[in-house]
Asks: 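Before anything else, here's the structure in question.
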Amino acid sequence: MKKILIIGGGASGMMAAIGASKNGAKVTIYEYRQELGKKILATGNGKCNLSNRHLDVSCYNSSDADKISEYLRKFDTEDSISLFKSFGLLIKDKNGYLYPAGEQAVTVRDILVSQLRNRNVEIVTEILVEEINKKDNKFSVRTNKGTGEFDNIILACGSYGGIRKNDRVPGNVDGYSLAYHFGHSIIPIKPALTQLVCKEEYFKDIAGVRTECFISLLRDNTVIAEEFGEMQITDFGVSGIPIFQLSRHVSADANGSYSLLIDLIPGIMLEDFELFIRSRLLAYQGMSVEEFFLGLLNNKLNSLFIKLNGLEPGDLITEENREKVFKALHMIKEWRIEVKKTKGFENAQCCSGGIPLSEIDLDCQSLKVPGLYITGEMLDVDGKCGGYNLQWAWTTGYIAGVAAGKN
């Protein structure tokens with residue numbers, strides 16, 4: 001009987017075990033932590049956005065982006081839906097965003113674990129793989145709990161994203177190091193889909209505000225990316241899906257000077273807005289600044305923009321301060337903030353970088369070491385928010401598992 005070891009019991013690893021068990025192989029999962037699929041529990045704010053019907057290569061970033069479509073053709077969103085439905089999972093479609101019907105991430109994790117047990121997959125937790133060697137078409141694996149011999153190995157170790165530093169697998173034996181030991185190159189690992197820490201000191205005063213806006217990311221005063229959506233203001237900077245999408249660009253080159261230009265009312269052209277506020281200033285001369293701003297934005301933002309332009313809420317609008325009021329209003333369309341850094345690996349939903357797709361075949365098998373497979377976040381592919389990273393985990397895990405399990 002063929003013996004397959006999967007190192008990593010996350011989304012990709014569990015899916016690989018399910019695929020590998022199809023042809024009767026003896027499948028074992030080694031998981032460093034106390035339980036399987038722990039990161040699944042945090043996806044989709046605990047609701048688990050498990051995939052997306054609007055699946056396209058443009059939803060992913062990679063140094064080998066042209067190859068991504070070839071993997072997605074082998075196992076796509078509809079394949080994931082069919083497989084999960086066969087497990088008994090009801091799926092809810094929210095404009096193409098797919099969730100378990102009960103909107104509980106734990107359901108997805110538990111149903112996968114149930115499938116593993118039904119297929120007699122051996123699960124070993126709190127185990128650390130210390131060394132892997134290959135000799136005579138067999139892999140010898142040394143761990144903190146002993147040694148074992150396997151016909152195939154699937155590296156599904158995940159990334160540093162969302163893992164506290166103290167909880168990471170030691171750097172000399174993490175998934176990337178194991179792959180490097182077998183001759184694979186590693187594109188530098190950076191946090192992706194995370195919050196941005198900003199330089200301004202006023203964020204504690206406006207924390208908690210949520211606002212829909214259009215955001216431009218500038219590197220050295222040149223726009224390099226744009227996003228639209230709901231931004232969340234925190235005590236350290238900004239968060240929310242559009243910020244997550246932009247964060248990977250900041251991670252990619254930490255030496256650049258980054259800033260955000262935010263349009264808080266993107267439905268109105270700048271020229272039209274300027275005409276509106278100038279006519280309003282003439283009509284409401286003598287009114288207090290605070291009253292003038294009332295109803296335009298969240299009151300915390302109104303107060304901030306008033307203060308940043310040298311005004312007090314109780315100041316009356318006069319000919320002398322009218323230009324200050326105009327500048328304060330102008331910030332509604334062009335609010336610029338300086339980015340200090342990303343929030344880092346511990347707060348990231350995933351990472352960019354990893355093993356290049358050019359070093360694996362379309363079965364996710366290493367082109368350097370036959371019988372070794374690499375899946376999920378370990379590969380140099382990271383997706384947008386919206387279930388795309390989990391779909392990549394399902395896709396590569398299942399492909400690798402089925403291929404490894406064949407006689």
Side-chain angles (χ1 to χ4, degrees), residues 7-13 31-46 48-49 60-63 105 128-129 155-180 184-199 217 225 232 234-256 258 260 339-356 374-390 392-393 396:
I7 304 176
S12 186
E31 168 55 46
Y32 177 66
R33 295 173 183 84
Q34 293 180 332
E35 59 182 323
L36 301 187
K38 193 170 182 180
K39 283 175 69 173
I40 292 176
L41 304 182
T43 59
N45 289 322
C48 191
N49 184 185
Y60 293 94
N61 302 286
S62 173
S63 59
L128 175 64
V129 175
L155 295 179
C157 309
S159 73
Y160 306 141
I163 306 296
R164 291 183 302 177
K165 193 170 185 178
N166 292 339
D167 292 336
R168 290 185 202 166
V169 176
N172 61 327
V173 289
D174 63 11
Y176 302 116
S177 298
L178 295 174
Y180 184 79
H184 282 282
S185 55
I186 313 293
I187 293 173
I189 313 301
K190 305 285 186 179
L193 300 185
T194 186
Q195 306 98 323
L196 293 176
V197 179
C198 298
K199 295 180 181 179
L217 176 66
Q232 300 166 27
T234 69
D235 58 359
F236 57 78
V238 287
S239 182
I241 290 175
I243 298 298
F244 287 175
Q245 313 284 38
L246 295 170
S247 65
R248 78 174 313 278
H249 300 282
V250 179
S251 294
D253 182 8
N255 295 320
Y258 291 92
L260 299 173
V339 176
K340 186 176 182 181
K341 60 182 180 178
T342 67
K343 198 73 168 105
F345 287 110
E346 294 188 9
N347 295 278
Q349 293 187 12
C350 66
C351 292
S352 62
I355 291 88
I374 307 172
T375 71
E377 286 189 71
M378 285 192 62
L379 297 168
D380 174 36
V381 176
D382 61 284
K384 301 193 303 183
C385 291
Y388 297 106
N389 288 296
L390 271 180
W392 181 248
T396 54

Asks: Go through the structure and list residues passing side chain to side chain contact (heavy atoms under 4.5 Å, CB included) with D235, not counting sequence neighbours.
Replies: K204, A207
Asks: State, yes or no, whether a side-chain contact exists between I187 and I355 at a heavy-atom distance under 4.5 Å.
Replies: no
Asks: Are any non-hydrogen side-chain atoms of S185 and P356 less than 4.5 angstrom apart?
Replies: yes
Asks: Could you give the distance from CG (L196) to CG (N347), rounded to the nearest 0.5 Å?
Replies: 11.5 Å
Asks: Y180: which residues meet the side chain to side chain contact (heavy atoms under 4.5 Å, CB included) condition with it, sequence neighbours left out?
Replies: I186
Asks: Rounded to the nearest 0.5 Å, what separates atom NZ in K341 from atom OG in S251?
Replies: 12.0 Å
Asks: Applying side chain to side chain contact (heavy atoms under 4.5 Å, CB included) between C350 and each of V381, L193, T194, report the one that passes.
Replies: L193
Asks: Heavy atoms, side chains only, cut-off 4.5 Å: are C351 and K190 in contact?
Replies: no
Asks: Tell me the closest heavy-atom pair linking G376 and S12, and the distance in Å.
Replies: N-OG, 3.6 Å
Asks: Please identify each residue that fulfils ring pair (Phe, Tyr, Trp, His ring centres under 6.0 Å) with Y176, with sequence neighbours left out.
Replies: Y160
Asks: Which value, rounded to the nearest 0.5 Å, describes the distance between D167 atom CG and E346 atom CD?
Replies: 8.5 Å
Asks: With heavy-atom distances below 4.5 Å as the criterion, would you say the side chains of T396 and L379 are in contact?
Replies: yes
Asks: Both conditions, 6.0 Å and 45 degrees, for the charged tip of R164 above the ring of F345: are they met here?
Replies: no
Asks: Taking all non-hydrogen atoms of both residues, which atom of T342 and which atom of V197 are closest, and how far apart?
Replies: O-CG2, 4.1 Å
Asks: Would you name the heavy atoms of L390 and A11 that are closest together and state the gap between them?
Replies: CD2-CB, 3.7 Å
Asks: Evaluate the ring planes of Y60 and Y388, with Trp represented by its six-membered ring, and classify them as parallel (under 30°), tilted (30 to 60°) or perpendicular (over 60°).
Replies: perpendicular
Asks: Could I get the full list of side chain to side chain contact (heavy atoms under 4.5 Å, CB included) partners for L128, not counting sequence neighbours?
Replies: Y32, E130, N144, V169, P170, V173
Asks: Under the salt bridge (Lys or Arg N to Asp or Glu O under 4.0 Å) definition, can you give me all pairs with a residue in residues 379-389, not counting sequence neighbours?
Replies: R248-D382
Asks: Which heavy atom of E31 sits nearest a heavy atom of G10, and at what distance?
Replies: OE1-N, 4.2 Å
Asks: Cut-off 3.5 Å, no hydrogens considered: what does the side-chain donor-acceptor table look like for residues 36-44, sequence neighbours left out?
Replies:
| unit_1 | atom_1 | unit_2 | atom_2 | d |
| --- | --- | --- | --- | --- |
| K39 | NZ | G161 | O | 2.7 |
| K39 | NZ | E377 | OE2 | 3.0 |
| T43 | OG1 | I40 | O | 2.7 |

Asks: Hey, are the side chains of C198 and V238 touching, using non-hydrogen atoms and a 4.5 Å cut-off?
Replies: yes
Asks: Using every non-hydrogen atom in the two residues, find where K340 and K199 come nearest and quote the distance to one decimal.
Replies: CB-CG, 3.8 Å
Asks: Would L155 and T375 count as a side chain to side chain contact (heavy atoms under 4.5 Å, CB included) here? Give the steps.
Replies: CA-CA 6 Å; L155 295 179; T375 71; over 6 Å; no
Asks: Tell me, do Q349 and C385 make a side-chain contact under 4.5 Å, heavy atoms counted?
Replies: yes
Asks: Can you confirm whether D174 sits close enough to S177 that some side-chain heavy atom of one is under 4.5 Å from a side-chain heavy atom of the other?
Replies: yes
Asks: What heavy-atom pair brings G158 and M378 nearest, and what distance separates the two atoms?
Replies: O-CG, 3.6 Å
